[in-house]
Amino acid sequence: MREPKVAKIRVVPLLMILAVVFGFLYGIEEQSYVFRLKHIEVVPRSSLLENEASKLAGGSASRFWPLVFFEYKHLKNEVEKKYPIQISMKAEGWGRVVLQWTQLQPYFAARWRDRKWFITTAGLCWPESNPLWKDGGIDNPSYNELNIVWDDTMPPLVPDIDSTNLIEVRQSIFPVRTMVKFIEEMHQTPWVEKIRGIALSKLAGDIVAEVSFASMGRDVNILLEFSESIWKSLSPAIETIVKSSDANVLYLDATYKDKIVIKTR
């Protein structure tokens, strides 16, 4: 029964020593500002991100600069949700911090709800109106400029989106891998000269693609199941139709079983 009392007696001097040490350090800090956060640099320069980084300079981190790395975790989540970037932080000297950022690289751009949305290979999505993308001096990346339309018959490209978060970076349901394979399969088709556009929509519960492309001096528009394997299996029949047609513009419907219907508009 005596051991807890002995432990308690030993803790008291330790607490007193720590109080003296912290008091001493606080006194030094008040005189010399040795633990103050001196500078946060944003690389590359961006007025929008510099404004975000200024949030780290307030509160406890301004007086004891190592705390900035704890507050940075919250800032990272907040900023990467608002802007199409990835950020990292490192110390560069005592009390000096560098916030580095790189922009996300879109792979496709799709039209949905009268807006242009950029989409990465991971399915992250943001509108062209995002402040950093629009006014932040961000470099214009190269991406597939194929005209892609996400029809209103499809589920929302960005789930759970509302008027308050229309500019944020969100996870989309865009089928990036399937689209890449579909386009690659068409590009490997010798008689397809140029793909002009792809519109995705829902028909009887299935996702279908209306594809517009140039072939043998003709404009071809075909509606078919959105699958690279379907295109591969239908390709010989489509080639035969295009070769034998005298029309300059063709409208084909391949959503029927075992047949391709030629339509006129």
Side-chain angles (χ1 to χ4, degrees), residues 105-128 142-161 170-265:
Q105 297 295 321
Y107 197 87
F108 290 114
R111 197 79 186 172
W112 177 57
R113 291 188 178 179
D114 298 322
R115 292 171 181 257
K116 187 177 184 179
W117 298 77
F118 294 102
I119 305 162
T120 70
T121 54
L124 291 175
C125 182
W126 65 93
E128 190 176 29
S142 58
Y143 61 93
N144 192 313
E145 295 187 5
L146 178 67
N147 181 32
I148 298 176
V149 175
W150 189 270
D151 192 76
D152 289 339
T153 58
M154 295 284 285
L157 177 64
V158 184
D160 302 321
I161 195 167
R170 305 290 297 276
Q171 185 66 46
S172 74
I173 62 169
F174 189 87
V176 178
R177 292 183 180 180
T178 304
M179 181 63 77
V180 170
K181 292 178 181 179
F182 188 88
I183 292 172
E184 286 178 348
E185 195 64 48
M186 289 196 69
H187 280 157
Q188 292 171 9
T189 305
W191 48 272
V192 173
E193 296 166 7
K194 181 180 180 181
I195 307 172
R196 293 203 171 100
I198 299 176
L200 298 181
S201 60
K202 269 287 189 74
L203 181 65
D206 297 322
I207 299 178
V208 295
E210 184 174 359
V211 187
S212 173
F213 62 94
S215 175
M216 307 177 206
R218 297 174 176 83
D219 291 329
V220 183
N221 301 272
I222 183 168
L223 188 68
L224 74 167
E225 182 183 332
F226 182 53
S227 164
E228 76 278 6
S229 60
I230 292 294
W231 171 262
K232 194 171 184 178
S233 64
L234 292 176
S235 179
I238 298 171
E239 181 184 12
T240 300
I241 293 172
V242 175
K243 278 183 177 180
S244 60
S245 177
D246 294 328
N248 292 324
V249 182
L250 282 171
Y251 297 95
L252 310 176
D253 190 339
T255 60
Y256 299 92
K257 187 176 182 180
D258 300 328
K259 65 180 180 180
I260 298 176
V261 176
I262 303 175
K263 295 186 175 183
T264 58
R265 294 188 183 179

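Residues take their numbers from the sequence shown, with the count starting at 1. The figures here come from the full heavy-atom set of this structure, side chains too, leaving out hydrogens, waters and symmetry mates.
Using a 4.5 Å heavy-atom cutoff, the side chains of Asn144 and Met179 are not in contact. Contact check for Glu210 versus Val208: no side-chain heavy atoms found under the 4.5 Å cut-off. With a 4.5 Å cut-off on side-chain heavy atoms, Phe213 and Ile222 count as touching.
The salt bridge (Lys or Arg N to Asp or Glu O under 4.0 Å) search around Asp253 returns Lys263, not counting sequence neighbours. Residues satisfying the ring-ring contact (aromatic ring centres under 6.0 Å, His included) test with Tyr107, not counting sequence neighbours, are none.
Only one option out of Phe182, Trp150, Phe174 pairs with Phe226 in a ring pair (Phe, Tyr, Trp, His ring centres under 6.0 Å); it is Phe182. For the side-chain contact (heavy atoms from CB on, under 4.5 Å) test with Leu250, the passing option among Asn221, Val242, Ile238 is Val242; the others fail.
Residues Trp117 and Trp112 approach most closely at NE1-O, 3.0 Å, considering heavy atoms. Nearest heavy-atom pair, Ile119 versus Cys125, reported as atom, atom and distance to 0.1 Å: CG1-SG, 4.0 Å. Between Ala109 and Lys116, the shortest heavy-atom contact is CB-CE, 3.7 Å. Heavy atoms only, all atoms of each residue included: Pro156 and Ile173 are closest at O-CD1, 3.3 Å. Thr120 and Gln105 make their closest contact through CG2-O, 3.6 Å (heavy atoms, listed as atom of the first residue, atom of the second, distance). For the residue pair Arg170 and Pro159, the shortest heavy atom distance occurs at NH2-O, 3.3 Å.
To the nearest 0.5 Å, atom CD1 of residue Ile207 and atom NZ of residue Lys202 are 6.0 Å apart. Within the model, atoms OG1 of Thr121 and CZ of Phe108 stand 10.0 Å from one another, a figure rounded to the nearest 0.5 Å. Atom CG in Leu157 sits 12.0 Å away from atom CG in Asp151 (nearest 0.5 Å). With rounding to the nearest 0.5 Å, the separation of CZ in Arg218 from CD1 in Ile241 is 12.0 Å. Rounding to the nearest 0.5 angstrom, the gap separating the CG atom in Leu146 from the CD1 atom in Ile195 is 6.0 Å. Distance check, rounded to the nearest 0.5 Å: CG of Asp219 to CG of Asn248 gives 8.0 Å.
Around the NZ atom of Lys232, the shell of radius 6.0 Å holds no more than 12 heavy atoms that belong to other residues, nucleotides or ligands. Heavy-atom neighbours of Arg196 CZ from other residues, nucleotides or ligands within 6.0 Å: above the threshold of 12.
Using a distance-only test at 3.5 Å, with no hydrogens or angles considered, no donor-acceptor pair links the side chain of Glu128 to the main chain of Phe118. Between the Ser212 side chain and the Gly197 main chain, no donor and acceptor come within less than 3.5 Å of each other.
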Checking side-chain contact (heavy atoms from CB on, under 4.5 Å) for the pair Lys243/Met216: CA distance, chi angles, key distance, verdict? CA-CA 7 Å; Lys243 278 183 177 180; Met216 307 177 206; 3.3 Å; yes

